[in-house]
Student: 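Mind having a look at this structure? Questions to follow.
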Amino acid sequence: MEDRLWVWGGRPLEGEVRLPAAKNSVLPLLAASLLCSGPVVLHGVPPLSDVQQSILLLQALGCRVNWQNGGLAIQPPVQPPCGVLPAGPVRAMRSSVFYLAPVLHAAGRVSMPMPGGCDLGPRPIDIHLDGLVKMGARVAWQQGVLCLECPPRGLHGADITLRLPSVGATETLLMAAVRAHGPTVLRGAACEPEIADLADFLRSCGAHISGAGSPVVWVQGADRLGGAEHTPIPDRIVAATAAAAVAGTGGQVLLRRCRGEALGQVLEVLRNAGCEVTLTQNGLCIARSGPLQGVGRVYTGIYPAFATDAAPVVAAGLLTARGASAFEDTIFENRFSCAEGFLAMGAQVRRAGRALEILGGGRLHGAEVTAQDLRGGAALVVAALAAEGESRIGGLCHIRRGYADIAALFGGLGAELGVCAG
Ligand code: UD1
């Protein structure tokens with residue numbers, strides 16, 4: 001029987017969180033290590049299940065991967081990899097798409113089934129593929145398996161305008177461009193901090209990149225990249241999750257290493273809800289002692305707008321607010337799978353198209369609920385922390401993709417919760 005999380009809610013949170021390295025940095029960075037002919041060390045990597053799946057992919061491609069003082073050391077393959085990615089890890093996460101470009105460079109070809117990941121609605125990869133085709137790759141689908149092949153002299157640089165600013169496609173094309181022949185320009189690129197982090201790592205390996213983190217990125221391809229040691233940026237979505245929980249429960253928490261600008265509009269919304277947010281030398285302090293207020297309508301969007309990944313957790317923190325709130329996701333169709341669990345806890349919510357509407361004013365009580373996806377699952381934990389009585393949350397496999405140990409995260413802040421069998 002699968003584990004479940006029990007949460008005895010209703011206690012204010014107090015203490016400090018040391019933020020782990022960002023999942024959305026670590027996963028592309030692990031794939032990018034394949035572009036390097038020297039060893040790579042990534043510091044402070046959380047043991048997420050998506051990280052474990054990435055390790056399986058790297059090992060299948062011939063890399064040696066070792067945990068080392070909380071970080072990961074990756075040795076490049078001794079021989080060129082075969083280019084066939086194992087279906088299990090590929091289907092377990094969306095981030096297997098990051099292996100397309102590095103494996104194309106390493107093996108000249110790559111084949112894999114369609115990447116899996118959270119069911120947030122349709123998640124095509126056409127922007128990744130269109131860009132790679134512009135750089136010379138040939139693409140074919142053979143019985144549901146995606147096959148890409150390099151031209152005989154390898155990928156070449158290109159001037160590429162992205163149809164929309166996809167985070168993953170910007171990262172794929174950055175990884176393709178750093179080892180392509182000649183210059184590349186990416187226009188309409190996504191600007192998320194994790195893209196700048198990937199570029200920083202690649203630059204320490206010897207890549208020539210400018211403009212990463214802005215809509216236009218210039219790259220001059222290099223024949224070879226060396227290895228590097230890198231400390232990925234802190235996880236802004238884990239920060240948003242802890243901050244949203246403080247909004248829901250009250251209390252005061254210091255988010256160590258948290259950079260306010262990375263959270264952008266999330267902090268503004270929490271301030272409007274009645275939280276005090278203070279930037280200190282050590283990080284960001286979030287507190288709530290007064291009443292929680294509804295925040296009106298919030299739209300998610302591309303960085304620096306309100307992060308789509310933060311929407312379910314912040315919504316969960318505001319379920320008991322006086323006055324209405326609504327979160328409308330402009331990026332994904334099915335962001336609020338957690339609505340069902342919120343209803344079971346007594347929240348006054350309804351889904352309307354891509355939005356979650358919170359009528360507000362209600363009290364929450366413990367309930368038996370099931371996580372349907374990663375951030376929706378974390379949102380159920382946040383709601384359970386604010387609820388009176390005991391909740392049991394199933395579907396922990398989704399939550400473990402992005403939170404190494406959510407019980408330890410909130411247990412360290414004084415919450416009563418733990419994992420139990422069945
Ligand atoms: C990344 C993040 C994810 C976050 C999302 C949006 C990682 C590992 N994951 O996911 O946590 O929720 O950004 O901030 O960094 N699209 C296409 N064609 C494509 C690619 C994307 O139509 O080829 C669409 C998607 O369906 C979606 C939108 O573009 O509607 C944004 O997706 P994208 O930015 O690519 O998200 P991911 O990189 O998958």
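Bear in mind the structure is a predicted one, so any value in this text is a computation, not a measurement.
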Student: Less than 4.5 Å apart, side chain to side chain, heavy atoms only: is that true for L146 and L129?
Tutor: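 Side chain of L146 against side chain of L129, heavy atoms only: contact under 4.5 Å found.
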Student: In sequence, state the C-alpha distance, the side-chain angles, and the governing distance for V185 and I160, and then conclude on side chain to side chain contact (heavy atoms under 4.5 Å, CB included).
Tutor: CA-CA 6 Å; V185 187; I160 300 169; over 6 Å; no
Student: Please evaluate residues F306 and Y299 with respect to the criterion side chain to side chain contact (heavy atoms under 4.5 Å, CB included), reporting the C-alpha separation (whole Å), side-chain torsions for both, the decisive distance (0.1 Å), and the verdict.
Tutor: CA-CA 7 Å; F306 195 100; Y299 295 88; over 6 Å; no
Student: I'd like to know whether H43 forms a side-chain hydrogen bond (donor to acceptor under 3.5 Å, both in side chains) with E229, so could you lay out the CA-CA distance, the side-chain angles of the two residues, the decisive distance to 0.1 Å, and finally the verdict.
Tutor: CA-CA 8 Å; H43 295 292; E229 283 197 27; 2.8 Å; yes
Student: Is R236 paired with E194 through a side-chain N to carboxylate O contact shorter than 4.0 Å?
Tutor: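 The answer is yes: the pair qualifies as a salt bridge.
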Student: Applying salt bridge (Lys or Arg N to Asp or Glu O under 4.0 Å) as the test, list every pair that has at least one member in residues 253-264; sequence neighbours left out.
Tutor: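 Non-adjacent pairs meeting salt bridge (Lys or Arg N to Asp or Glu O under 4.0 Å): E16-R256.
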Student: Looking at side-chain heavy atoms only, is the closest gap between Y303 and P193 below 4.5 Å?
Tutor: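 Contact flag for Y303/P193 side chains = yes.
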Student: Where is the tightest heavy-atom contact between L284 and G260, given as atom of each residue plus distance?
Tutor: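 Shortest heavy-atom separation between L284 and G260 comes out as CD1-CA, 3.7 Å.
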Student: Say you draw a straight line from CG of L35 to SG of C205; how long is it, rounded to the nearest 0.5 Å?
Tutor: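 If I round to the nearest 0.5 Å, the distance is 8.5 Å.
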Student: Thinking salt bridges, do R392 and E390 make one under a 4.0 Å N-O criterion?
Tutor: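 Result for this pair is yes, salt bridge flagged.
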Student: Between R94 and I125, is there a side-chain heavy-atom distance shorter than 4.5 Å?
Tutor: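 I125 vs R94: side chains touch.
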Student: Do S204 side-chain atoms and D200 backbone N/O form a donor-acceptor pair below 3.5 Å?
Tutor: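 Present.
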Student: How long is the straight-line distance from CG of L292 back to CZ of R288, given to the nearest 0.5 Å?
Tutor: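 The CG atom of L292 is 4.5 Å from CZ of R288, to the nearest 0.5 Å.
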Student: Under a 4.5 Å cut-off applied to non-hydrogen side-chain atoms, are Q265 and P304 in contact?
Tutor: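 When only atoms from C-beta onward are counted, P304 and Q265 do not touch, as no gap falls below 4.5 Å.
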Student: Could you go through the side chain to side chain contact (heavy atoms under 4.5 Å, CB included) check for F410 and T249 one step at a time?
Tutor: CA-CA 12 Å; F410 288 117; T249 62; over 6 Å; no
Student: First locate atom CG of D50, then atom CD1 of I55, and finally report the distance between them rounded to the nearest 0.5 Å.
Tutor: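 With rounding to 0.5 Å, CG (D50) is 11.0 Å from CD1 (I55).
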Student: Is atom CG of N69 surrounded by more than 12 heavy atoms (other residues, nucleotides or ligands) closer than 6.0 Å?
Tutor: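 It does not: N69 CG has 12 such atoms or fewer within range.
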Student: On a heavy-atom basis, which atom in S337 and which in Q372 lie closest, and how many Å separate them?
Tutor: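 Scanning both residues, the minimum pair turns out to be OG-CB, 3.5 Å.
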Student: Please give me the minimum heavy-atom distance between L255 and A242, naming the atom from each residue.
Tutor: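 Closest approach of L255 to A242, heavy atoms only: CD2-CB, 3.7 Å.
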Student: Looking at D130 and R163, does any basic side-chain N land under 4.0 Å from a carboxylate oxygen?
Tutor: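 Between R163 and D130 there is no salt bridge, as every charged N stays at least 4.0 Å from the carboxylate O atoms.
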Student: Please tell me if the side chains of P86 and L57 come closer than 4.5 Å, counting only heavy atoms from C-beta onward.
Tutor: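 Result yes, sub-4.5 Å side-chain heavy-atom pair found.
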Student: Please check: side-chain N/O of H105 versus main-chain N/O of A176, any donor-acceptor pairing under 3.5 Å?
Tutor: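 Here the side-chain-to-backbone pair exists.
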Student: Kindly indicate, with the supporting measurements, whether the criterion side chain to side chain contact (heavy atoms under 4.5 Å, CB included) is fulfilled by I302 and I331.
Tutor: CA-CA 8 Å; I302 53 174; I331 313 273; 4.1 Å; yes
Student: I'd like to know if the side chain of S54 reaches the main chain of L30, judged simply by a donor and an acceptor atom lying under 3.5 Å from each other, with no hydrogens or angles considered.
Tutor: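 No, the answer is negative, given that no donor and acceptor are paired below the 3.5 Å cut-off.
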Student: Within a strict 4.5 Å, meaning less than it, do heavy atoms of the T184 and D159 side chains meet?
Tutor: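 With C-beta onward as the side chain, the pair stays apart.
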Student: Roughly how far, to the nearest 0.5 Å, is the CG atom of L385 from the CG atom of L417?
Tutor: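 So the gap between those two atoms works out to 6.5 Å.
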Student: Would you compute the distance between atom CZ of R401 and atom OG of S49 and round it to the nearest 0.5 angstrom?
Tutor: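 The distance works out to 6.5 Å.
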Student: Walk me through it: do T308 and R335 pass the test side-chain hydrogen bond (donor to acceptor under 3.5 Å, both in side chains)?
Tutor: CA-CA 8 Å; T308 165; R335 180 46 97 178; 2.8 Å; yes
Student: Which pair of heavy atoms, one from C275 and one from A247, lies closest together, and at what distance?
Tutor: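 Here C275 and A247 meet closest at SG-CB, 3.6 Å.
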Student: In this structure, are over 12 heavy atoms from other groups packed under 6.0 Å from Q293 atom CD?
Tutor: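 More than 12 heavy atoms, drawn from other residues, nucleotides or ligands, come within 6.0 Å of this atom.
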Student: Counting only heavy atoms not in R350, do more than 12 sit closer than 6.0 Å to its CZ atom?
Tutor: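 It does not: R350 CZ has 12 such atoms or fewer within range.
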Student: Atom CG in L148, atom OG in S111: separation rounded to 0.5 Å?
Tutor: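 That separation rounds to 9.5 Å.
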Student: Heavy atoms, side chains only, cut-off 4.5 Å: are D3 and C420 in contact?
Tutor: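 Heavy-atom side-chain distance check fails, nothing below 4.5 Å.
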Student: Any idea which heavy atoms bring V103 and G83 closest together, and the distance?
Tutor: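 Of all heavy-atom pairs spanning V103 and G83, the closest is CG1-CA, 3.7 Å.
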Student: Determine, for E328 against R297, whether the closest basic-nitrogen to carboxylate-oxygen distance falls under 4.0 angstrom.
Tutor: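 Salt bridge flag = yes for R297 with E328.
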Student: Grab the two heavy atoms, one from G366 and one from S391, that are nearest each other, plus how far apart they are.
Tutor: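 That would be CA-OG, 3.2 Å.
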Student: Tell me whether the rings of H230 and F201 are parallel (<30°), tilted (30 to 60°) or perpendicular (>60°).
Tutor: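 Perpendicular: the ring planes of H230 and F201 meet at over 60°.
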Student: Please confirm whether the backbone N or O of I233 pairs with a side-chain atom of D197, one donor and one acceptor, at under 3.5 Å?
Tutor: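 Yes; judged by distance alone, with no hydrogens or angles, the pair exists.
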Student: Between D235 and K23, is there a salt bridge with N-O shorter than 4.0 Å?
Tutor: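 No, no charged N to carboxylate O under 4.0 Å.
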Student: Would you call D329 and R354 a salt bridge, taking side-chain N to carboxylate O under 4.0 Å as the test?
Tutor: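 So D329 does not pair with R354 through a salt bridge.
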Student: Determine yes or no for a side-chain-to-main-chain donor-acceptor pair under 3.5 angstrom, with S325 supplying the side chain and V295 the backbone.
Tutor: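 Confirmed, S325 side chain pairs with V295 backbone.
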Student: Under 4.5 Å between any side-chain heavy atoms of I358 and F327, yes or no?
Tutor: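 Touching, per the 4.5 Å side-chain cut-off.
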Student: Check E276 with R271, please: is the shortest side-chain N to carboxylate O separation under 4.0 Å?
Tutor: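 Between E276 and R271 there is no salt bridge, as every charged N stays at least 4.0 Å from the carboxylate O atoms.
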